Each structure stands twice: as C-alpha cells, then as structure tokens.
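Everything below concerns the one structure shown next.
All values reported here derive from a predicted model rather than from experimental measurement. Every heavy atom of this structure was used, including side-chain atoms; hydrogens, water molecules and symmetry mates were not.
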Amino acid sequence: MYAVFKTGGKQYRVEKGDQLRVEKLAGNIGDSVSFDQVLFIGGEAFKLGRPLVDGAKVEAKILAQDLGPKLVVFKFRRRKNYRRRQGHRQPFTALEITNVVRVTARIKDHGSQKRCRRNPQRA
C-alpha cells in the first residue's frame, strides 16, 4: 500500500520503509511525526481524497536534521564592476516511513436526495 501526502508545499508518494527528505520539520532525531494531509491511498483498493482522505495518515520517524548541498548565488553586471557571491544551504529533515494508516470508515448515508440542482422538480 502506498500514499501521497503533502508537506512543505510539496507532494510525496511513499510506502512503508521508504526514506525521503522533506522541508525542515520541528523535532529531534528519533522522534516520530505523522502527516494527516493524505491526498491519495493506493494499492489493491485505492482511495482518492476530495481534497483529503478522511482519517488517513502517514507515520514517520526522523532520521536526520541537516543542511543540503551548498548552492552558489553569483550576481554579475557586465562593465559595472559588480560581482556578488553568496552561498545557500537549504535545511531538510530526513524521514523513514514507518506506517501508512487507512481508516475504513463507512460512508454516511444522508437518505435519498429530494432535490437536485439540475432537476429541482425531482421528488
């Protein structure tokens, strides 16, 4: 079973045992975190959220809090003796997915719809 969840403005497709890097999260190494913004659960029987799957969550363990590779930001204006060099290292959190939880809740039946937008005369 796999899931697609959202964190840090990005979406990730994960299965149990996967390791991935996400945007920096609060927590220490060894702490467990859970993500409840699950967009899709796939496998034998898939479940698509609108926009989120109710009751589903992805559980993970923090493996590392670190900085990514250094990126050089170089600004240059020709013929103006303007050169600026700056570096940047984006912080990240390394995770290991421990579980994908899918709650099998029953669909609420609100009875038969007496009216419909397309056909308001329907009784």
Side-chain angles (χ1 to χ4, degrees):
M1 178 188 318
Y2 65 92
V4 176
F5 73 98
K6 180 170 68 170
T7 181
K10 300 181 180 99
Q11 297 175 4
Y12 301 93
R13 180 191 186 275
V14 294
E15 294 182 37
K16 184 177 179 179
D18 285 353
Q19 294 183 358
L20 70 148
R21 291 180 172 186
V22 298
E23 294 293 322
K24 177 98 171 146
L25 298 173
N28 296 321
I29 297 173
D31 290 350
S32 61
V33 292
S34 66
F35 303 97
D36 57 352
Q37 291 192 331
V38 179
L39 304 170
F40 180 80
I41 291 187
E44 296 171 3
F46 67 90
K47 179 78 174 158
L48 179 64
R50 293 182 183 151
L52 302 174
V53 178
D54 292 332
K57 64 181 176 178
V58 174
E59 297 172 345
K61 183 175 78 170
I62 296 178
L63 298 178
Q65 299 276 20
D66 207 356
L67 297 174
K70 178 172 259 188
L71 301 175
V72 175
V73 180
F74 190 75
K75 298 180 180 180
F76 178 81
R77 301 278 185 254
R78 62 183 186 164
R79 301 186 305 269
K80 306 296 182 196
N81 195 24
Y82 178 86
R83 295 176 191 89
R84 301 290 182 267
R85 184 174 184 270
Q86 182 179 0
H88 175 76
R89 294 184 72 186
Q90 184 73 20
F92 69 87
T93 301
L95 299 174
E96 180 179 8
I97 304 300
T98 56
N99 199 7
V100 176
V101 179
R102 176 183 180 183
V103 176
T104 56
R106 293 185 55 161
I107 298 173
K108 295 179 184 176
D109 185 17
H110 297 290
S112 62
Q113 293 181 348
K114 295 183 180 177
R115 292 191 187 140
C116 181
R117 286 185 188 172
R118 295 181 185 158
N119 190 1
Q121 287 81 24
R122 185 172 142 190

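With a 4.5 Å cut-off on side-chain heavy atoms, Arg89 and Leu71 do not count as touching. Put simply, the side chain of Phe92 reaches to within 4.5 Å of the side chain of Asp66, judged on heavy atoms. Proximity of Leu39 to Gln11: side-chain heavy atoms (C-beta onward) are separated by under 4.5 Å at one or more points. Counting only heavy atoms from C-beta outward, the side chains of Tyr82 and Lys75 approach each other to under 4.5 Å. Val14 is listed as a side-chain neighbour of Leu20, based on a closest heavy-atom distance under 4.5 Å.
To the nearest 0.5 Å, atom CG of residue Leu48 and atom CD1 of residue Ile41 are 10.5 Å apart. Going from atom NZ of Lys61 over to atom CD of Glu96 covers 5.5 Å, rounded to the nearest 0.5 Å. For the atom pair Met1 CE and Lys47 NZ, the distance stands at 13.0 Å (nearest 0.5 Å).
For His88 and Gln90, the side-chain atoms include at least one donor-acceptor pair closer than 3.5 Å.
Remark: Lys24 NZ is packed, more than 12 non-hydrogen atoms of other residues, nucleotides or ligands lying under 6.0 Å away.
Remark: Arg83 engages Asn81 in a side-chain hydrogen bond (donor to acceptor under 3.5 Å, both in side chains) (not counting sequence neighbours). A search for side-chain contact (heavy atoms from CB on, under 4.5 Å) contacts involving Asn99 returns Glu59, Val101, not counting sequence neighbours.
Side-chain atoms of Arg85 never come within 3.5 Å of backbone atoms of Phe74 as a donor-acceptor pair (strictly under, hydrogens ignored).
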Return a table of donor-acceptor pairs under 3.5 angstrom between the side chains of residues 25-34 and protein atoms on other chains or two or more places apart.
unit_1 : atom_1 : unit_2 : atom_2 : d
Asp31  : OD2    : Asn28  : N      : 2.8

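Clustering ILVMFWY residues whenever any of their side-chain heavy atoms sit less than 4.5 angstrom apart, transitively, puts Tyr2 in the very cluster that holds Phe46.
The two residues Ala60 and Ile97 have their closest heavy-atom pair at CB-CD1, 4.0 Å.
Note on Arg21 versus Glu23: no salt bridge recorded, every NZ/NE/NH1/NH2 to OD/OE distance being 4.0 Å or above.
Residue Tyr12 forms a side-chain contact (heavy atoms from CB on, under 4.5 Å) with just one option from Leu95, Val22, Val58, and that option is Val22.
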